[in-house]
Colleague: 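Structure below; questions to follow.
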Amino acid sequence: MTVALIAGMVAGAGLWLAWTGLRPAPEPLSVALARLDRRPPRDAAARAATEDRDMRFGGFLLRHLPALARSIDRMRADLRVVGRSPEEHAARVGSYVLWSLVLGPWVAVVAWLAGANLPPIVPLVITVGGASWGLVVPFVTLRQLATARRKAFAHALSAYCNVTVMSLAAGRGVEQALETASTAGQGWAFAEIRGALTAGYVRGEPPWESLGRLGTELGIDDLTELSSTISMAGEEGAAVRETVSAKARTIRERITADTEQAAAAVTERMSLPTVLMVMGFLVFLAYPAVTVLFSFGE
């Protein structure tokens, strides 16, 4: 009885830890406001030590696991959008895999404490499945986060194009209009644009080339196409204002279409619980009749 009680407590603690890891508690408002404070936090040294340890661990994995290094290198644009280094992502993958490898032995220990005799294949399958899950989940999460940030960048780029059009209409030149529009907003998208224009100014290249370079680094086709249209308009003498305005309109139309498509998909998923409820209700109504029907032959 005592062994079963201990096994139940260990299993419950493990399930509670897994649930709290998958469903963390909402962040308190004070913590969120403290994160926005520009003063250095008190635990800056501890955080720097943790980041340095992660960088060393990730660098070790990248040097000794060529397959992992190639997989991370193929997602370099997503890492650039998210603002995560390859070493940091490698450390994240390694941590997920190591923690997942403990799942199989933990299940075996809990079963042994409970008095159950599990076949060795069960912990092995759980370990292999957990390791596979830990290897895939960081990449899937990275791709989803990068997609969300690219969508946010598209909204900011549309506003950037509109401000550029207004600056051009006010009589500014193309370079001055692009630089003025970059200071019209906040957030990471406008910060990236301002940083790219500043770096291009130091290198002595036109601002549209800097925007094209940034679009290639981030994997954002809209920014690359905007750079090409501005470059063609400047070289061929076309109206830059019309081309930038058309690009902004195209981005807005695509964002609207994507939003409508996502809303339609959510609506379809909402109909599934209703269908299941109706099917359950029909089974509930038909069960007595079916029972009576089959009882005639007995």
Colleague: Are any non-hydrogen side-chain atoms of Y201 and P207 less than 4.5 angstrom apart?
Modeller: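 Counting from C-beta outward, Y201 and P207 never come under 4.5 Å.
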Colleague: Using side-chain heavy atoms (C-beta onward) and a distance below 4.5 Å, is M279 in contact with V283?
Modeller: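 No; the side chains remain at least 4.5 Å from each other.
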Colleague: Measuring from D222:CG to S227:OG, what's the distance to the nearest 0.5 Å?
Modeller: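 Those atoms lie 12.5 Å apart.
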Colleague: So, for G94 and L61, which heavy atoms are closest and what is the spacing to 0.1 Å?
Modeller: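 That closest heavy-atom pairing would be CA-CD1, 3.8 Å.
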Colleague: Angle class for the F139/H89 ring planes (parallel below 30°, perpendicular above 60°, tilted otherwise)?
Modeller: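 The rings of F139 and H89 stand perpendicular, inter-plane angle above 60°.
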Colleague: Cut-off 3.5 Å, side chains only: do R249 and N162 have a donor facing an acceptor?
Modeller: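 Side chains of R249 and N162: no pair found under 3.5 Å.
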Colleague: Are R70 and D73 close enough for a salt bridge, meaning some N to O gap below 4.0 Å?
Modeller: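 Not counted as a salt bridge, because no side-chain N and carboxylate O are separated by less than 4.0 Å.
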Colleague: Taking the side chain as C-beta and beyond, is there a heavy-atom pair between H155 and S158 under 4.5 Å?
Modeller: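 A side-chain contact is absent here, since even the closest heavy-atom pair is not under 4.5 Å.
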Colleague: With clusters defined by side-chain heavy atoms of hydrophobic residues (ILVMFWY) lying less than 4.5 Å apart, directly or transitively, does L98 cluster with L62?
Modeller: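 Shared cluster, yes.
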Colleague: Can you tell me if T229 uses its side chain to pair, donor with acceptor, with the backbone of T243 under 3.5 Å?
Modeller: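 Pair absent, no side-chain N/O of T229 close to backbone of T243.
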Colleague: Check A146 against V81 and note the closest heavy-atom contact, atom names and distance.
Modeller: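 Looking at all heavy atoms of both residues, the closest pair is O-CG1, 4.0 Å.
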Colleague: If you take all heavy atoms of A154 and R254, which pair is closest and at what distance?
Modeller: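 Heavy atoms of A154 and R254 come nearest at CB-NH2, 4.0 Å.
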Colleague: Between side-chain atoms of residues 165-176 and protein atoms elsewhere (two or more places apart, or another chain), which donor-acceptor pairs fall under 3.5 Å?
Modeller:
residue: S167; atom: OG; partner: V163; partner atom: O; Å: 3.0

Colleague: Check the pair I230, L178 against side-chain contact (heavy atoms from CB on, under 4.5 Å), reporting the backbone distance first and the verdict last.
Modeller: CA-CA 10 Å; I230 294 177; L178 293 174; 3.9 Å; yes
Colleague: Can you tell me how far apart CZ (R143) and CG (D78) are? Round to the nearest 0.5 Å.
Modeller: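 These two atoms lie 4.5 Å from each other.
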Colleague: Find the distance between SG (C161) and CZ (R241) and round it off to the nearest 0.5 Å.
Modeller: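 Rounded to the nearest 0.5 Å, the SG-CZ separation comes to 14.5 Å.
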Colleague: Could you tell me whether Y96 atom OH has more than 12 heavy atoms of other residues or ligands within 6.0 Å of it?
Modeller: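 No, the 6.0 Å shell around OH holds no more than 12 heavy atoms from other groups.
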Colleague: Is there a side-chain contact (heavy atoms from CB on, under 4.5 Å) between L103 and T127? Walk through the geometry before answering.
Modeller: CA-CA 6 Å; L103 185 60; T127 301; over 6 Å; no
Colleague: Between A131 and L101, which heavy-atom pair has the shortest distance, and what is it?
Modeller: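 That closest heavy-atom pairing would be CB-CD2, 3.7 Å.
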Colleague: Using the test salt bridge (charged side-chain N to carboxylate O under 4.0 Å, His left out), find all partners of E192 that sit at least two apart in sequence or belong to another chain.
Modeller: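 Here the qualifying residues are R80.
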Colleague: Can you classify the ring geometry of W188 versus F153 as parallel (below 30°), tilted (30 to 60°) or perpendicular (above 60°)?
Modeller: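 Tilted.
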Colleague: Taking atom CG of L211 and atom OG1 of T224, what is their separation to the nearest 0.5 Å?
Modeller: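 One finds 9.5 Å between CG of L211 and OG1 of T224.
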Colleague: Of the non-hydrogen atoms in F190 and A181, which two are nearest, and what is the gap between them?
Modeller: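 Heavy atoms of F190 and A181 come nearest at CE2-O, 3.5 Å.
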Colleague: Is V128 linked to V122 within one hydrophobic cluster, defined over Ile, Leu, Val, Met, Phe, Trp and Tyr using a side-chain heavy-atom separation of less than 4.5 Å?
Modeller: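 Result: yes, single cluster for both.
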Colleague: As an exercise, state the distance from CH2 of W208 to OG of S228, rounded to the nearest 0.5 Å.
Modeller: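 W208 CH2 to S228 OG: 12.5 Å, rounded to 0.5 Å.
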Colleague: Side-chain heavy atoms nearer than 4.5 Å, only ILVMFWY residues, links allowed to pass through others: does that put F60 and V97 together?
Modeller: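 Yes; tracing contacts between hydrophobic side chains, which count when under 4.5 Å, links both residues.
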Colleague: Using only atom types and a distance under 3.5 Å, with no angle test, would you say the side chain of T183 pairs donor to acceptor with the backbone of T180?
Modeller: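 Yes.
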Colleague: Membership question, hydrophobic clusters at under 4.5 Å side-chain separation (ILVMFWY): are W99 and L68 in the same one?
Modeller: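 In one cluster: no.
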Colleague: Using side-chain heavy atoms (C-beta onward) and a distance below 4.5 Å, is L142 in contact with R84?
Modeller: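 Yes, at least one pair of side-chain atoms sits under 4.5 Å.
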Colleague: Please report, to 0.1 Å, the donor-acceptor pairs under 3.5 Å made by any side chain of residues 212-221, with sequence neighbours excluded.
Modeller:
residue: R213; atom: NH2; partner: E205; partner atom: OE1; Å: 2.9
residue: T216; atom: OG1; partner: G212; partner atom: O; Å: 3.0

Colleague: Which heavy atom of P138 sits nearest a heavy atom of V93, and at what distance?
Modeller: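 Looks like CB-CG2, 3.7 Å.
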Colleague: Establish whether I255 and L226 are linked, either directly or via other cluster members, by ILVMFWY side-chain heavy-atom contacts under 4.5 Å.
Modeller: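 Linked within one cluster.
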Colleague: Would you give the length of the straight line joining atom CG of L197 to atom CD of E209, rounded to the nearest 0.5 angstrom?
Modeller: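 Answer for the CG-CD pair, L197 versus E209, is 12.0 Å.
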Colleague: So, D258 and K151, do they make that salt bridge, N to O below 4.0 Å?
Modeller: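 Salt bridge: no.
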Colleague: Closer than 3.5 angstrom, by distance alone: can the side chain of S182 be matched with the main-chain N or O of R194 as a donor-acceptor pair?
Modeller: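 Not confirmed, S182 side chain does not pair with R194 backbone.
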